[in-house]
Chemist: 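Before I ask anything, here is the structure I am working with.
We count residues from 1, following the sequence as given.
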Amino acid sequence: MTAQVTPGAGEDLDRVFQALADATRRAVVERLARGPASVSTLAEPFAMSLPTVVQHLGVLERAGVVVSEKTGRVRTFRLTPDGTATARAWLDRHRLPAERRLDRLGEHVGRG
């Protein structure tokens with residue numbers, strides 16, 4: 001079976017997984033699932049400096065998971081529709097073969 005690879009898709013996938021690999025960034029994504037928020041609002045629950053939170057937001061933005069816009073002095077972030085589509089598609093392509101292997105393992109173990 002030959003996988004269809006879109007040029008740049010592997011790099012996009014790497015960026016999304018890297019962005020979501022960090023617990024702070026996952027918490028930010030969970031917060032943004034409730035709606036857009038300013039940097040200061042997103043920083044409130046974390047015991048870290050504002051520049052550190054901005055760095056985390058930059059990783060999420062470069063991965064395409066979030067987008068930001070600046071109005072006056074306030075930068076607001078929101079989730080990108082389909083920002084995790086690359087990762088979801090990759091996981092979906094690998095779910096079925098993995099499930100089949102687990103089914104075969106269950107059958108094998110059930111025979112013993």
Chemist: Provide the full list of ring pair (Phe, Tyr, Trp, His ring centres under 6.0 Å) pairs with a residue in residues 17-50, sequence neighbours left out, each pair given once.
Modeler: Phe17-Trp90

Chemist: Which heavy atom of Leu32 sits nearest to which heavy atom of Ala37, and what is that distance?
Modeler: CD2-N, 3.8 Å

Chemist: So do Arg25 and Val59 actually touch side chain to side chain, heavy atoms under 4.5 Å?
Modeler: yes

Chemist: Check Val66 against Leu57 and note the closest heavy-atom contact, atom names and distance.
Modeler: CG2-O, 4.0 Å

Chemist: With Phe77 as reference, evaluate Val67, Leu42, Thr41, Val28 under the side-chain contact (heavy atoms from CB on, under 4.5 Å) test and give the passing residue.
Modeler: Leu42

Chemist: What are the two closest heavy atoms between Asp22 and Thr24, and how far apart are they?
Modeler: OD2-N, 2.9 Å

Chemist: List the atom of Leu50, the atom of Ser40, and the distance in Å for their closest heavy-atom pair.
Modeler: CD1-CA, 4.4 Å

Chemist: When rounded to the nearest 0.5 angstrom, what distance separates CG in Leu79 from CZ in Arg31?
Modeler: 9.5 Å

Chemist: Only pairs at least two apart or in different chains count here, so list each salt bridge (charged side-chain N to carboxylate O under 4.0 Å, His left out) that has a residue in residues 74-92.
Modeler: Asp82-Arg88, Asp92-Arg95

Chemist: Taking Ala87's backbone N and O only, do any of them form a donor-acceptor pair with Thr84's side chain (distance below 3.5 Å, no angle check)?
Modeler: no

Chemist: Would you check if the side chain of Ser38 reaches a backbone N or O of Val74 as a donor-acceptor pair within less than 3.5 Å?
Modeler: no

Chemist: Could you check whether any side-chain heavy atom of Val39 comes within less than 4.5 Å of a side-chain heavy atom of Val54, counting everything from C-beta outward?
Modeler: yes

Chemist: Considering all heavy atoms of both residues, which atom of Pro36 and which atom of Thr76 are nearest to each other, and what is their separation?
Modeler: CB-CG2, 3.8 Å

Chemist: Identify the heavy atoms of Ala19 and Leu60 that sit nearest to each other, and give their distance.
Modeler: CB-CD2, 3.9 Å

Chemist: Between the main-chain N or O of Leu20 and the side-chain N or O of Arg26, is there a donor-acceptor pair closer than 3.5 Å?
Modeler: yes

